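Working notes, beginning with the structure itself.
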Number of protein chains: 4
Amino acid sequence: MSESGPESAKRKQILDGARRVFLSAGFAAASMGEIAREAKVSKGTLYVYFDSKEALFGALIVEAKRETSERLLSLDTELREARDSDIAPFLTMLATGLMEKFRMPNHVSMVRMVMGAADRFPGLARQFYDAGAGYGHARLAAWITEQVAAGRLVAEDADIAAWQFISMCCHPVSARVALGTLPPPDDERIRRTAEAAVSTFLAAYGPR
Amino acid sequence: MSESGPESAKRKQILDGARRVFLSAGFAAASMGEIAREAKVSKGTLYVYFDSKEALFGALIVEAKRETSERLLSLDTELREARDSDIAPFLTMLATGLMEKFRMPNHVSMVRMVMGAADRFPGLARQFYDAGAGYGHARLAAWITEQVAAGRLVAEDADIAAWQFISMCCHPVSARVALGTLPPPDDERIRRTAEAAVSTFLAAYGPR
Amino acid sequence: MSESGPESAKRKQILDGARRVFLSAGFAAASMGEIAREAKVSKGTLYVYFDSKEALFGALIVEAKRETSERLLSLDTELREARDSDIAPFLTMLATGLMEKFRMPNHVSMVRMVMGAADRFPGLARQFYDAGAGYGHARLAAWITEQVAAGRLVAEDADIAAWQFISMCCHPVSARVALGTLPPPDDERIRRTAEAAVSTFLAAYGPR
Amino acid sequence: MSESGPESAKRKQILDGARRVFLSAGFAAASMGEIAREAKVSKGTLYVYFDSKEALFGALIVEAKRETSERLLSLDTELREARDSDIAPFLTMLATGLMEKFRMPNHVSMVRMVMGAADRFPGLARQFYDAGAGYGHARLAAWITEQVAAGRLVAEDADIAAWQFISMCCHPVSARVALGTLPPPDDERIRRTAEAAVSTFLAAYGPR
DNA sequence: GATGAATGAGCCTTCATTCAT
DNA sequence: AATGAATGAAGGCTCATTCAT
């Protein structure tokens with residue numbers, strides 16, 4: 001009794017190999033042979049589980065999307081719990097978490113890969129965005145709206161405010177690391193950048 | 001009298017074809033044959049002007065870098081003239097210009113292409129970043145420092161402040177358009193986002 | 001149960017095709033496409049068994065070298081048995097064998113090919129020489145030394161004497177056939193040339 | 001008043017460049033571009049003087065043939081003068097000259113090149129042979145015939161005798177150097193080999 | 001299900017040759 | 001006569017995909 005569905009162990013083994021190869025080479029430069037070698041299966045087996053190179057790539061993005069979605073569920077929890085806690089410490093934690101995520105080598109590679117493939121696979125890029133940045137932004141905007149309703153923040157456009165906060169955290173990292181191939185920020189720099197983001201955000205939208 | 005130097009017309013013709021192909025396919029997926037077809041020269045001619053596919057790609061980045069540098073010279077002028085003008089209108093103009101640049105299809109494709117190739121050509125990605133985002137950030141930080149000295153702004157860390165302003169303008173666009181393959185923002189959305197960026201920036205660093 | 005080692009049937013099939021093409025065109029003028037066609041395999045299969053055109057060429061030389069080595073083992077046996085037989089008939093047989101070998105079309109082509117590639121592949125040419133002419137000369141020189149010790153020949157320099165005998169047999173054939181593209185000698189001419197070589201050799205080194 | 005005939009200085013300049021390139025690479029691996037560079041003319045000029053790569057190669061062989069012919073005219077003179085001199089010293093001189101010629105790098109390369117191209121250009125190889133080895137052999141055979149007639153040598157088959165003498169000199173050198181890529185013989189080895197050739201030749205065909 | 005040998009289209013690059021100047 | 005830019009046909013090699021075992 002075996003299965004080649006999404007739960008198969010071999011399927012995961014292949015996806016792991018594919019992730020390593022696709023992340024470091026991008027879609028076009030990755031070769032099925034190297035993926036097979038990396039996943040320690042034969043080339044033929046690849047095609048037992050995935051119809052084509054594109055399908056394998058797509059499955060990888062979908063998987064990454066799912067992992068991101070699951071991780072972001074904890075954001076929901078945190079946001080819900082944060083309703084009654086102090087705003088500043090919570091935002092600082094949020095900012096720090098975002099930046100730490102954005103400096104991780106795997107995240108950098110993933111962004112590079114998806115961006116590099118966005119012209120060829122707009123649908124996948126869109127899914128990746130929706131599950132990650134898009135979802136995160138929507139949740140934060142909703143939380144801001146709640147805080148405004150509760151009188152703890154003052155913001156006319158929660159959508160834009162959410163983007164501003166996220167942008168101040170993520171962009172300096174991804175512009176320098178993912179695009180500029182500069183070394184990732186150390187903890188101290190992250191701390192200072194996060195605090196500055198919170199400070200600026202609250203200067204604009206904080207109570208009073 | 002002909003020349004195969006950087007001024008040659010045929011060289012430009014090739015670079016134009018290469019830009020179209022590289023921008024829409026990325027480095028690895030672009031083929032020299034398609035570039036030749038697009039540039040309306042023979043495949044052999046490609047190699048008269050460029051030693052290899054990599055060299056052609058590199059020349060393209062260098063050219064884009066140079067164009068960006070030249071365009072940013074006007075930023076210098078504007079920043080200098082802006083010393084005595086009102087801060088808010090100037091920042092609004094800056095924000096609008098940034099966002100309009102970031103929604104241009106060619107810019108989107110260029111960022112996607114350079115990001116997708118950053119793993120293989122870190123040096124080129126770095127050059128591209130240095131000439132564009134890096135240079136722009138440095139100029140803005142210097143300007144902020146001057147404003148602080150003149151008492152028109154209050155900012156402890158001009159470096160971070162500059163990144164915040166740039167990020168609030170660029171990130172919402174590039175995250176949604178370049179990564180998320182969403183339609184670019186229209187003029188109205190740009191206006192509102194730009195104004196919000198200026199407003200938030202001045203709330204944090206403005207006089208008083 | 002398959003194997004791509006030196007025993008694989010397909011490998012032999014490829015080497016056979018490669019031999020035909022390399023022998024008739026030389027290394028540089030041979031094309032992998034033609035070899036594939038001649039071997040009745042696809043171009044890709046060539047690269048499953050051999051890493052490159054050079055590797056395929058090298059394997060061909062090594063194989064030819066091995067065949068030559070094996071064939072020359074019988075020379076050892078003959079030389080050993082010839083110790084007690086009459087010298088003249090044995091030398092005549094040796095001379096005839098040498099000349100017959102040197103007029104064979106495949107041998108002519110092989111020498112042409114190796115010579116033509118000696119500038120680019122000196123190591124391979126050296127291996128080919130060592131296994132063939134070099135080994136044969138060494139064996140004959142050793143045999144002559146033994147005959148001198150036994151008082152059946154008188155030669156101060158067995159090395160030079162061996163070269164003289166071999167040269168009188170081989171050079172007239174290879175100069176005219178391999179270099180001059182003249183028709184190979186018929187049996188009668190071989191007989192006369194062989195007898196003359198033995199006669200001259202014995203006039204110089206024979207007993208008394 | 002200019003001429004593109006065989007006397008043109010530019011033609012010679014091209015042939016010189018072509019010789020260097022063809023000799024070191026062989027026909028197929030040589031490129032017209034490199035020849036043009038080596039000859040310090042444009043690629044187009046090559047085709048003003050020679051119809052094709054093959055024609056240039058052919059002209060090179062013809063020129064080498066002519067030079068060889070001219071050089072061999074002195075052999076005629078020497079042979080004529082040698083009629084009355086002692087045979088042994090003359091033959092020793094002849095043998096030494098042959099071997100010195102055969103160890104010259106240019107001669108080694110020329111033989112390799114012509115042999116490597118003999119399959120494709122049998123006519124040229126034939127011309128090269130006729131003007132060199134073939135002509136030399138014929139002259140020596142004629143001289144031997146004269147010596148026999150004069151009672152200074154005893155040989156039934158002057159043709160074979162001439163080949164034997166030439167072979168004992170040339171083959172040990174070309175087998176080891178041109179084929180085996182071994183270092184060329186030094187002067188001492190040439191002296192010993194030449195003397196041994198003369199000694200063996202005279203043992204077989206000398207007076208008495 | 002898993003394998004890996006085999007395929008052939010396609011890629012980057014080179015090169016003999018042509019032609020307008 | 002001389003140039004060198006331009007061409008397009010190969011050439012060596014890779015790789016996604018298939019299929020018999």
Side-chain angles (χ1 to χ4, degrees), chain A residues 1-4 8 10-11 14 28-37 40-56, chain B residues 1-4 8-11 14 28-36 40-56, chain C residues 1-4 8-11 14 28-36 40-56, chain D residues 1-4 8 10-11 14 28-37 40-56:
Chain A
M1 171 185 25
S2 64
E3 42 186 345
S4 68
S8 155
K10 190 139 280 180
R11 197 188 134 95
I14 292 173
S31 93
M32 293 296 267
E34 196 182 344
I35 290 172
R37 214 177 308 124
K40 293 197 164 66
V41 298
S42 77
K43 256 199 285 189
T45 304
L46 258 38
Y47 288 86
V48 172
Y49 290 87
F50 302 94
D51 285 343
S52 66
K53 188 185 179 184
E54 293 199 6
L56 176 51
Chain B
M1 171 185 19
S2 68
E3 43 190 343
S4 68
S8 156
K10 189 134 284 181
R11 194 188 138 99
I14 292 172
S31 96
M32 293 297 268
E34 196 183 343
I35 290 173
K40 295 201 163 62
V41 298
S42 74
K43 252 197 288 187
T45 302
L46 258 36
Y47 289 87
V48 172
Y49 290 85
F50 301 94
D51 285 341
S52 64
K53 189 186 180 185
E54 292 200 7
L56 177 51
Chain C
M1 170 185 22
S2 68
E3 42 189 343
S4 67
S8 155
K10 189 134 283 180
R11 195 188 138 96
I14 291 172
S31 95
M32 292 299 267
E34 197 184 344
I35 290 173
K40 295 199 162 62
V41 297
S42 75
K43 251 198 289 189
T45 303
L46 257 37
Y47 289 87
V48 171
Y49 290 85
F50 300 94
D51 285 342
S52 65
K53 189 186 179 185
E54 292 200 7
L56 176 52
Chain D
M1 168 188 26
S2 63
E3 44 186 345
S4 67
S8 155
K10 191 138 279 183
R11 197 187 134 95
I14 292 172
S31 93
M32 293 297 269
E34 197 183 344
I35 290 172
R37 213 177 310 123
K40 297 198 162 62
V41 298
S42 77
K43 257 198 287 188
T45 304
L46 257 37
Y47 288 86
V48 172
Y49 290 86
F50 301 94
D51 286 342
S52 66
K53 188 186 180 185
E54 294 200 6
L56 176 50

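All values derive from a computational prediction rather than experimental measurement. Naming: A, B, ... by sequence-line order, numbering from 1 per chain.
- When heavy atoms are screened at a 4.0 angstrom cut-off, C/A28 is found touching no nucleic acid atom at all.
- Closest non-hydrogen pair, A/K43 versus A/M32, comes out as CG-O, 4.2 Å.
- Rounded to whole Å, the distance from CG on A/L46 to P on E/dG1 is 14 Å.
- Atom C1' of nucleotide E/dA16 and atom CZ of D/R37 are separated by 14 Å, given to the nearest angstrom.
- Expressed to the nearest 0.5 Å, how far OG1 of D/T45 lies from CZ of D/R11 amounts to 14.0 Å.
- Contact annotation for A/A30: backbone-only contact, meaning every heavy-atom pair under 4.0 Å involves sugar-phosphate atoms and none involves a base.
- Residue contacts shown for A/G33 are limited to sugar-phosphate atoms, with no base heavy atom under 4.0 Å away.
- The B/V48 side chain lies nearest to F/dA5 when the options are E/dC12, F/dA2, F/dA5.
- For A/T45, taking side-chain heavy atoms from C-beta onward, the closest of the listed nucleotides F/dA6, E/dA2, E/dT7 is E/dA2.
- Whole-Å rounding puts the D/I35 CD1 to F/dT3 C1' distance at 18 Å.
- The listed nucleotides are E/dA16, E/dT13, F/dG12; the one nearest the side chain of D/K53 is E/dA16.
- Rounded to a whole Å, the CD atom of B/E34 is 13 Å from the C1' atom of E/dG10.
- Heavy-atom nearest nucleotides on DNA chain E were determined for A/G44 and for D/S52, and the one closer to the 5' end corresponds to A/G44.
- Side-chain to base pairing of A/K43 with F/dT17: one donor and one acceptor N or O lie within less than 3.5 Å of each other.
- Summarising the geometry, the separation between OH on D/Y49 and C1' on E/dT18 is reported as 18 Å, rounded to the nearest angstrom.
- If you take OG on B/S8 and NZ on B/K10, they are separated by 8.0 Å, rounding to the nearest 0.5 Å.
- In this structure, of E/dA5, F/dA16, F/dC13, it is F/dA16 that holds the atom nearest to the side chain of A/S31.
- Of all non-hydrogen atoms in C/A29 and D/A28, the two that sit nearest each other are N-CB, 3.7 Å.
- Each of A/A29 and C/M32 was matched to the nucleotide of DNA chain F holding its nearest heavy atom; the match closer to the 5' end belongs to C/M32.
- Pairing partner, F/dG4: E/dC19, with both Watson-Crick or wobble hydrogen-bond distances short of 3.5 Å.
- With rounding to whole Å, C/K10 atom NZ is found 17 Å from E/dG4 atom P.
- Remark: C/I14 CD1 to C/I35 CD1 distance equals 10.0 Å, nearest 0.5 Å.
- Closest contact between the side chain of B/S42 and the listed nucleotides F/dT7, F/dT18, E/dA16 involves F/dT7.
- Between A/D51 atom CG and F/dT18 atom C1' the separation is 13 Å, expressed in whole Å.
- B/E54 has its CD atom 13 Å from the C1' atom of E/dT13, to the nearest Å.
- Of all nucleotides listed (E/dT7, E/dT18, F/dC13), F/dC13 comes nearest to the side chain of C/Y47.
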